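To start, the structure under review is shown below, and the notes come after it.
Worth saying up front: this structure is predicted, and the values here are computed from it rather than measured. In what follows, chains are A, B, ... by sequence order, proteins preceding strands, each numbered from 1.
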Protein chains: 2
Amino acid sequence: MRPLFHPAPEDLQASAILHALADPNRAAIFANIMRAGCVEACASLATVGDRVIPKSSLSNHFKVLREAGLIRSERHGVEMRNHARWDEVEARFPGLLRSILNAYAGEGPRGEPPLPASDPD
Amino acid sequence: MRPLFHPAPEDLQASAILHALADPNRAAIFANIMRAGCVEACASLATVGDRVIPKSSLSNHFKVLREAGLIRSERHGVEMRNHARWDEVEARFPGLLRSILNAYAGEGPRGEPPLPASDPD
DNA sequence: TCCCATAGTTCGGAAGTTCGGAACTTCCGA
DNA sequence: TCGGAAGTTCCGAACTTCCGAACTATGGGA
């Protein structure tokens, strides 16, 4: 297992972030991590809505989020802890994450990911 | 040539918008349309930075932007006029477009699309 | 009216990406 | 040392993107 790659704050790219969050599953995962106080194991997110996501897909989703700079992952024994990198992303792209998560939340009855109503700061 | 499809305001989807703007070329095209006062012919955007975009790719980029609900296209004789649907998107997803365009603009010296500094409202 | 130029679209193949099952690695407890 | 749990890697199938070539629609002469 190769070491986990995390981009430096100054290397965050808008296109990577948008691409990562353009997938409703990933947006839901990210919203969950936000909501859960920035710590979460992968397997605990193995369903989004009522859909089961296979482990391999999940692993890939986390990788995309991580390499976009949206989350920081650390191995803790056999588990992975995932923190949202909200402050770093916010510092570089003010308002971006909030408006994206709000957009998904505001989509209403479309089976889209829920709003992380809490304020992450 | 089939008629142009434009989603209704209530059918706008966050994931489609993010996907459309996750491509730096498309984001640059959209920023150009914003900047140019909401009217623009396709061919006038055939380069982004110093890169030439083939007609077929361009046509496809416009289609993606159109079907995401970001622009409205009308045939005027042999040309196409493209308007940004800023107000409609803004009404549904407040702050989203602004923060995305700002994110790209704030990326700085990375060859990314420029900011539409004007206020579109 | 016919022909040509211009502006965009569609088609189709090559290249790349995503998805997900199976096998693998790593870590921990018994 | 074994077994189970949590993730990752591998790889084929399905999907998407890119772009040149062929096509369609419109307008302007002659």
Whole angstrom value for the distance that separates P of D:dG7 from CD1 of A:Ile71:
11 Å
Which whole-number value in Å describes the distance from A:Leu4 CG to D:dA6 P?
18 Å
Is it true that B:Glu88 and B:Arg72 have a side-chain N and a carboxylate O under 4.0 angstrom from each other?
yes
Presence of A:Ser59 side-chain N/O under 4.0 Å of D:dG7 phosphate oxygens OP1/OP2
no
Please report the distance, rounded to the nearest Å, between CE in B:Met80 and C1' in D:dT26.
13 Å
Of all heavy-atom pairs between B:Leu70 and B:Phe30, which one has the smallest distance, and what is that distance?
O-CE1, 3.4 Å
Which of C:dT6, D:dT8, C:dT9 is nearest the side chain of A:Arg66? It is D:dT8
How many whole angstroms separate atom CZ of A:Arg75 from atom P of C:dC28?
12 Å
Given side chains that start at C-beta, do those of B:Ile29 and B:Leu58 come closer than 4.5 Å, heavy atoms only?
yes
Whole-Å distance separating the CZ atom of A:Phe62 from the C1' atom of C:dT18:
17 Å
Roughly how many Å is it from CD1 in A:Ile29 to C1' in C:dT18, rounded to a whole number?
14 Å
What is the separation between atom CG on B:Leu58 and atom P on C:dA7, rounded to the nearest whole Å?
12 Å
Walk me through it: do B:Leu18 and B:Ile100 pass the test side-chain contact (heavy atoms from CB on, under 4.5 Å)?
CA-CA 9 Å; B:Leu18 296 179; B:Ile100 291 174; 3.8 Å; yes
Compare every heavy atom of B:Ala84 with every heavy atom of B:Met34, then report the nearest pair and how far apart it is.
SD-CB, 3.3 Å
Base-pairing string, 5' to 3', of DNA chain C - Watson-Crick or wobble, under 3.5 Å, | interstrand:
||||||||||||||||||||||||||||||
Looking only at the side chain of A:Glu79 (C-beta and beyond, no hydrogens), which of the listed nucleotides D:dA25, C:dG8, D:dA6 gets closest?
D:dA6
B:Arg66 and B:Phe5: CA distance, side-chain angles, deciding distance, side-chain contact (heavy atoms from CB on, under 4.5 Å) verdict:
CA-CA 7 Å; B:Arg66 183 164 58 239; B:Phe5 170 72; over 6 Å; no
Under 4.0 Å protein heavy-atom contacts per nucleotide of nucleotides 16-22 of chain D, with B for base, S for backbone only and - for none:
-SSBBB-
Enumerate, atom names and distances included, each donor-acceptor pair closer than 3.5 Å involving a side-chain atom of residues 20-27 of chain B, sequence neighbours excluded.
| unit_1 | atom_1 | unit_2 | atom_2 | d |
| --- | --- | --- | --- | --- |
| B:Asp23 | OD1 | B:Asn25 | N | 2.7 |
| B:Asp23 | OD1 | B:Arg26 | N | 3.2 |
| B:Arg26 | NE | B:Ala20 | O | 2.8 |
| B:Arg26 | NH1 | B:His61 | ND1 | 3.3 |
| B:Arg26 | NH2 | B:His19 | O | 3.4 |

side-chain contact (heavy atoms from CB on, under 4.5 Å) evaluation trace for B:His6 with B:Leu4
CA-CA 7 Å; B:His6 295 92; B:Leu4 301 172; 3.8 Å; yes
Output the rounded distance in Å from NE2 (A:His76) to P (D:dG7).
12 Å
Can you tell if the side chain of B:Arg85 reaches within under 4.5 Å of the side chain of B:Pro7, non-hydrogen atoms only?
yes
